[in-house]
Amino acid sequence: MTTSNKQLSDWIAQVAELTQPDRIQWCDGSDAENDQLVELMVADGTLEVLNQETHPNCYLHRSDPSDVARVEHLTFVCTSHRDDAGPNNHWMAPAEAHAKMDELFRGCMRGRTMYVVPYLMGPYGSPYSRAGVEITDSPYVVANMRIMTRMGQKALAHIEATGTFVKGLHSVGDLNPDRRFIMHFPEELTIKSFGSGYGGNALLGKKCHALRIASYQARTEGWLAEHMLILGIEDPTGNTTYVAAAFPSACGKTNLAMLQPPAEFKGWKVWTVGDDIAWLNVGPDGRLYAINPEAGFFGVAPGTSTKTNANCMATLGRNTIYTNVAVTPDGKPWWEGMDGERPNELIDWKGREWDEENGPAAHPNSRFTVSAAQCPTYSAQANAPEGVPISALIFGGRRAALAPLVFEALDWEHGVFTAAACASETTAAAVGEVGKVRRDPMAMQPFCGYNFADYWRHWLSFAEKSDNLPKVYHVNWFRKNAQGKFLWPGFGDNMRVLKWIVDRCQGSTEAVRTPIGNLPAAGAVDVNTLKMDERVMDELLSVHPDLWNAEMKHIEEYFNNYGDRLPEALKAQLKRITDELKAQQAA
Ligand code: GTP
Ligand code: SPV
Ligand code: MN
């Protein structure tokens, strides 16, 4: 492969001059190329061959133990003006960041191959798709990008036709956490990532391009790049309602996207369009249309079983790269929460014989990389250039207390407030404390490429673009009882909540107005066969005014970080809800 795009050929030459690779290899994404890379990685230990009889074309990668998750504290947005990055991002001046990164990259590919990976985010032929090129010295990254994106000649053709692409430069360096940075230059459509080989830090098409850079572009161009799954809910008459849902990392997007309805939902089907990222554009009819920019799933392994996510289990097991899972003596991947008994012997994610004292056998953020095309519920519309029309946007997170199972925003403005006010318990998807409640607006705290205040204003502006916008919901599958047990069964049973949302979109079910939004009327969420104690459902749908009042104070404090840039509409929503809660307490 070569290119007629001068900007691209110049950039490749510059990078080669800086990094000094032994050789340069263009990547076309072909099977032959992948076989060659796999062979190389097996030979040098980057990949371990899994049991090819039970798991054909499956491999295990063990990352450096210090490199197992995204590193938010080392991730920067480098805009010319600090305020454009906002309090939600770490910021560095572009010149300083370039100098720092170029010093790290200098000579770093000596003795290595430099891979040039052209990729397309989004369906071929879609006006919403965008291209990028990742230059990397990691064959593991190439093999993952091949699954996660549309990679190769057609992507290059898109670049040559449109003349524009996102530049992503990546090196694993020496994996030293002190020399690890993920830098974004949204004004230059450029990413520089050094010192990590892991997921969102290294597969630059994913969070770096499709969320941080894309969200910045989307603002100036009038669309949205979101941390959302996309799914279709087909009813027994064959009518499909599409929804998109934003939950923070490791909070249930992949699982909801592949939901298998309970047996009693005869004739209902859920179709998977995407499990992590959605690009949303206003279509000709004023509706929001969603495309999934990705082509594969980089999903959380622990907790995945035929009971919780049968469609995911059916997707895995062939042509899959597993990262940091455990392995059985006969070479099968294993993780906590998988079906069946724990095998007596296991090799843990660090390659040691498993010992309970060393913690879980699979890393809590161990993952699988697999093509979406292998998913039995992959939607026939997933490659539609125009995307799918979205009827509802759903936000949520992990909240052991407070947030009810589901509620509906009163209108778009209240919906934007509800999403901006989201908080969730932190997970193993990022390095740092787990289980701590933090604000995570739109599930985008780690991923918004610009000032959240401007982002909320952008969200609010859609009300001027269209009077045909989706309804907005908030859900919480993670409410716990006093004993620390989840009150809601979750997984397939989340269909009961989706059904209520579909009914609301069609205007066929009642709701109860509360200060925080509309809740299902008694009996409106169908839990008949769950044999659930009525008091549990009451608790799941309760809105405690004193707890919510305290929450409003937290939200206000959080919003205050954004000063004068905070949209008035959000302040007005905060005041309205607070006033209504106070009136309720007084009554
Ligand atoms: P990222 O890929 O990090 O963006 O995560 P995600 O939002 O796709 O999360 P995922 O669906 O992989 O779920 C993460 C963890 O939450 C897994 O261990 C799941 O088993 C668990 N989980 C998902 N859905 C539910 C649910 O409805 N209830 C409960 N209790 N756990 C769930
Ligand atoms: C997330 O952390 O939200 C992920 C995994 O989806 S990563 O690709 O590492 O960002
Ligand atoms: Mn994610």
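Counting convention: from 1, in listed order, for ligands and their atoms alike.
In terms of protein heavy atoms, atom 2 (O) of ligand 1 is closest to R367 NH1, 2.8 Å. Protein heavy atom in closest approach to atom 11 (O) of ligand 1: N255 ND2, 2.8 Å. Of all protein heavy atoms, the one closest to atom 4 (O) of ligand 1 is K253 NZ, 2.7 Å. Of the protein's heavy atoms, G200 N, 2.8 Å lies nearest to atom 9 (O) of ligand 2.
In summary, the atoms of ligand 2 found under 4.0 Å from a heavy atom of F447, numbered by their order in the structure, are 3 (O). With ligand atoms numbered from 1 in the order given, ligand 1 contributes 1 (P), 3 (O), 4 (O), 5 (O) to contacts under 4.0 Å with heavy atoms of S249. For ligand 2, the atoms sitting less than 4.0 Å from at least one non-hydrogen atom of D276 are 6 (O), numbered in the order shown with element in parentheses. Within ligand 2, the atoms closer than 4.0 Å to a non-hydrogen atom of S249 are 1 (C), 2 (O), 3 (O), numbered from 1 in the order shown. Near H227, meaning under 4.0 Å from any of its heavy atoms, are these atoms of ligand 1: 4 (O). Short contacts between ligand 2 and A429, defined as distances under 4.0 Å to a heavy atom of the residue, involve ligand atoms 2 (O). Every atom of ligand 1 with a heavy atom of G303 under 4.0 Å away is listed here by number and element: 20 (O).
Under a 4.0 Å heavy-atom criterion, N494 is in contact with ligand 1. Using a 4.0 angstrom heavy-atom cutoff, R367 counts as in contact with ligand 2.
Of all the heavy atoms of P248, the ones lying under 4.0 Å from any atom of ligand 1 belong exclusively to the backbone. Of all the heavy atoms of F297, none lies under 4.0 Å from any atom of ligand 2, so neither backbone nor side chain is involved. When heavy-atom distances to ligand 1 are checked against a 4.0 Å cut-off, E336 has no atom that comes that close, whether in backbone or side chain. Residue R398 touches ligand 1 through its side chain alone, judged by heavy-atom distances below 4.0 Å. When heavy-atom distances to ligand 1 are checked against a 4.0 Å cut-off, T427 has no atom that comes that close, whether in backbone or side chain. Only the side chain of F478 comes within 4.0 Å of ligand 1, counting heavy atoms alone; its backbone N, CA, C and O stay farther away. With a heavy-atom cut-off of 4.0 Å, N201 does not touch ligand 2 at all.
E234 and W268 are not linked by any side-chain donor-acceptor pair at a separation below 3.5 angstrom, with hydrogens and angles left out of the test. S391 and T241 form no side-chain donor-acceptor contact under 3.5 Å, judged by distance and modelled atom types alone. For the residue pair R479/S542, the side-chain donor-acceptor check at 3.5 Å is satisfied. Y140 and T323 are linked by a side-chain donor-acceptor pair at a separation below 3.5 angstrom, with hydrogens and angles left out of the test. With no hydrogens or angles considered, a side-chain donor-acceptor pair links Y198 and N365 at under 3.5 Å. For the residue pair N144 / R367, no side-chain donor-acceptor distance below 3.5 Å is found, with atom types taken as modelled. Looking at T427 and R398, their side chains never bring a donor and an acceptor atom within 3.5 Å of each other. Using modelled atom types, one finds no donor on one side chain facing an acceptor on the other under 3.5 Å when comparing S424 with D440. With no hydrogens or angles considered, a side-chain donor-acceptor pair links D275 and T254 at under 3.5 Å. Q445 and N88 share no side-chain donor-acceptor pair at under 3.5 Å. The closest side-chain donor-acceptor pair between T529 and E264 falls under 3.5 angstrom.
For H227 atom NE2 and K207 atom NZ, the angle they make at the Mn ion (ligand 3) is roughly 100°, to 10 degrees.
A donor-acceptor pair under 3.5 Å is absent between the side-chain atoms of W354 and the main chain of I347, judged by distance alone.
No other N/O/S atom of D276 lies as close to the Mn ion (ligand 3) as OD1 does.
Taking any N or O of F491, backbone or side chain, at least one lies under 3.5 Å from an N or O belonging to ligand 1. Checked by distance only, ligand 1 and A250 come closer than 3.5 Å through their nitrogen or oxygen atoms. At under 3.5 Å, a nitrogen or oxygen of P302, whether backbone or side chain, sits near a nitrogen or oxygen of ligand 1. On a distance-only criterion, R70 and ligand 2 share at least one N/O pair closer than 3.5 Å. The shortest N or O to N or O distance between T304 and ligand 1 is not below 3.5 Å.
A cation-pi arrangement, defined by a distance under 6.0 Å to the six-membered ring centre and an angle within 45 degrees of its axis, is present between K480 and F486. Cation-pi contact between K167 and F165: present, with separation from the ring centre below 6.0 Å and deviation from the ring axis of at most 45°.
With salt bridges taken as basic N to acidic carboxylate O contacts below 4.0 Å, one links R342 and E336.
Within the set A429, G252, G490, the minimum heavy-atom distance to atom 9 (O) of ligand 1 is found for G252. Nearest-residue assignment for atom 6 (O) of ligand 2 (options E294, K207, H227; heavy-atom criterion): K207.
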Verdict with supporting geometry, D533 and R535, salt bridge (Lys or Arg N to Asp or Glu O under 4.0 Å): CA-CA 5 Å; D533 192 321; R535 279 166 306 185; 2.8 Å; yes
CA sep, side-chain torsions, deciding dist, call: H458, R219, side chain to side chain donor-acceptor pair (under 3.5 Å): CA-CA 6 Å; H458 181 49; R219 181 193 173 210; 5.7 Å; no
